[in-house]
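To find a chain, count down the sequence lines: A is the first, B the second, and so on, and within it residues start at 1. As a basis for the values below, the full set of heavy atoms in this structure was taken, side chains included, without hydrogen atoms, waters or symmetry mates. Everything quoted here is computed from the prediction, not taken from an experiment.
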Protein chains: 2
Amino acid sequence: MAIPRAAKTQRRTRIQEEKEEQILEAALDVFSVSGFRGSTIDQIAEVAGMSKPNLLYYFRTKEAMHRALIDRVLDTWLEPLRAFDADGNPESEIRSYIRRKLEMARDFPRESRLFANEMLQGAPHVEDELKGPLKELVDEKADVIRSWAKAGKIAKCDPYHLIFSIWSTTQHYADFDVQVRAVLGQEHAGPGRFEDAARFLEQLFIDGLKVKSVPNAS
Amino acid sequence: MAIPRAAKTQRRTRIQEEKEEQILEAALDVFSVSGFRGSTIDQIAEVAGMSKPNLLYYFRTKEAMHRALIDRVLDTWLEPLRAFDADGNPESEIRSYIRRKLEMARDFPRESRLFANEMLQGAPHVEDELKGPLKELVDEKADVIRSWAKAGKIAKCDPYHLIFSIWSTTQHYADFDVQVRAVLGQEHAGPGRFEDAARFLEQLFIDGLKVKSVPNAS
DNA sequence: TGTAATGTTTACCAATCGGTCAAATTATCG
DNA sequence: CGATAATTTGACCGATTGGTAAACATTACA
């Protein structure tokens, strides 16, 4: 008698690990393009090279697949922000944060699109994570940025909107990849576009956040 | 005998205009949230308050609805960029471009999400528009920005990535609205968030694009 | 007013959807 | 090996999908 998801043995089989990995990989392919509603189990099954009932042996529902995917990807996705160091040099911290986010857009575009799809649909599956852990993390880092501004290390600015703008500019290269490539044209849409973007964004944010010398200040 | 879409009379009836408007309005509601694949004619029909066959009397297929919607919205969406004036003052041109894009994110979030959805899915329905009219428009404005930089009116920068960064930062407030609200929390997620964003972005882009005084230059 | 064109609805279709089931196959291990 | 548990599959289910046909209702206009 087959009991789904290894209820008996507790420990996960080698096959289980492999197949679940294989399924989530395919699910990422599909969900990241079509979103939850627009994706079908059959599509995922075909990409995974498995039969539909076989997928449903490892994940009981389409929602369970999506859920597992989100859970697995969420941590990775927030890692760069966690690395944001209060004790570091503001300029280099911001610079390397932009770099890392841009690298993620380049190396994990599907993960970026998965979240983008989720956001567009009103985050029906992750709203709790947004209001909980994400908000707390951003609040913490916003404090860091605010303290930098207070110490005169960077210009005074709204730390939340600074974080938003770094998120949006970097993720843009994953989420709107088609548009970026179309506009840049064949000559400039090569792999070098990420380097160009990095140079521009670093310049923009570093210079844009430099403390303004106020003539009439002491 | 009913012939869809007024093939006989050539001229469009009052009813046709009203109903087509009504349908596209509902279609925008639905498509902008769930994307093309994730949306159903039944959903649109329900939102429009009409029966499904009645929708299909005005638009022969789901694709036709989506197509009509995209066509209608595309022009509006690019209007702010068209208004970008080569003869104007760079600082105020960029400032007002950001303002206008931010106002559109506030006032037409569905239109923004419609395009975002389309981009995420690889632009299967608008790739031609991207590579044609959009690229030409951006090329033209990029030239303007480049000439400003050459004239020493703004810092030297990649004009394409500048445009991308303005697009992404402003549209973020429409496309990722849920996330923005969740992170800002109840206190700061009110209507004022657009003003806060405008202030921050103007500061960022204006200061970030100021010409750097190079000490060792003549 | 009459009538032809336009607009709307009910009933329906084949295809696809998420998901189940039982039978068949394969892996594990004493 | 044998047997038991784990895995895989084909056949199938009711609901939903995009779309059609034809009867019915309404409008426009001579």
Take the protein atom [atom1] of [X] and the nucleotide atom [atom2] of [N], then report the distance between them rounded to whole Å.
{"X": "B:Ile41", "N": "D:dT17", "atom1": "CD1", "atom2": "C1'", "value": "8 Å"}
{"X": "A:Met50", "N": "D:dA6", "atom1": "CE", "atom2": "C1'", "value": "13 Å"}
{"X": "B:Arg60", "N": "D:dG18", "atom1": "CZ", "atom2": "P", "value": "18 Å"}
{"X": "A:Met65", "N": "C:dC17", "atom1": "CE", "atom2": "P", "value": "13 Å"}
{"X": "B:Asn54", "N": "D:dT20", "atom1": "CG", "atom2": "P", "value": "15 Å"}
{"X": "B:Arg67", "N": "D:dG18", "atom1": "CZ", "atom2": "P", "value": "19 Å"}
{"X": "B:Glu18", "N": "C:dT8", "atom1": "CD", "atom2": "P", "value": "10 Å"}
{"X": "B:Glu46", "N": "D:dT17", "atom1": "CD", "atom2": "C1'", "value": "15 Å"}

Does [N] have OP1 or OP2 sitting under 4.0 Å from an N or O in the side chain of [X]?
{"X": "A:Gln16", "N": "D:dA6", "result": "no"}
{"X": "A:Tyr57", "N": "D:dT7", "result": "yes"}
{"X": "B:Ser51", "N": "C:dT8", "result": "no"}
{"X": "B:Tyr58", "N": "C:dT6", "result": "no"}

Ring geometry between B:Phe176 and B:His172 (parallel below 30°, tilted from 30 to 60°, perpendicular above 60°):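 B:His172 vs B:Phe176 ring planes: parallel.
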
Sugar-phosphate only, base, or nothing, as touched by B:Thr40 at under 4.0 Å among non-hydrogen atoms: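 B:Thr40: backbone/sugar contact only, no base atoms under 4.0 Å.
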
Sugar-phosphate, base or nothing in reach of B:Lys52, heavy atoms under 4.0 Å: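 Base: the residue B:Lys52, judged by heavy atoms under 4.0 Å, touches a nucleobase.
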
B:Arg67 with B:Glu118: basic N within carboxylate O range, under 4.0 Å: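 Result for this pair is no, no salt bridge flagged.
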
Main-chain N/O of B:Asp177 paired to B:Arg181 side chain as donor or acceptor, under 3.5 Å: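 No, the answer is negative, given that no donor and acceptor are paired below the 3.5 Å cut-off.
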
B:Lys101 (side chain) donor-acceptor with B:Leu81 (main chain) under 3.5 angstrom: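 A pair under 3.5 Å: no.
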
Shortest side-chain distance from A:Leu56, nucleotide among C:dT20, D:dG18, C:dC17: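 Of C:dT20, D:dG18, C:dC17, C:dT20 is nearest to the side chain of A:Leu56.
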
Options C:dT8, C:dG18, D:dG18, nucleotide nearest the side-chain atoms of A:Asp42: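 Output: C:dG18.
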
Within 6.0 Å of CD in B:Glu18, more than 12 heavy atoms from elsewhere: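 Yes, the 6.0 Å shell around CD holds more than 12 heavy atoms from other groups.
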
Nearest-nucleotide comparison on DNA chain D, the residue closer to the 5′ end among A:Leu55 and B:Gln43: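 By nearest-heavy-atom nucleotide position, the 5'-most residue is A:Leu55.
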
Nearest heavy-atom neighbours spanning A:Asn117 and A:Ser32: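 Reported closest heavy-atom pair: ND2-O, 3.0 Å.
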
Those residues that, when tested against B:Arg95, pass side-chain hydrogen bond (donor to acceptor under 3.5 Å, both in side chains) (two or more places apart):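 Listed in chain order: B:Glu91, B:Glu202.
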
DNA chain C contacts made by residues 30-37 of chain A, counting heavy atoms under 4.0 Å: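 Residues of residues 30-37 of chain A that come under 4.0 Å of DNA chain C do not exist, since none gets that close.
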
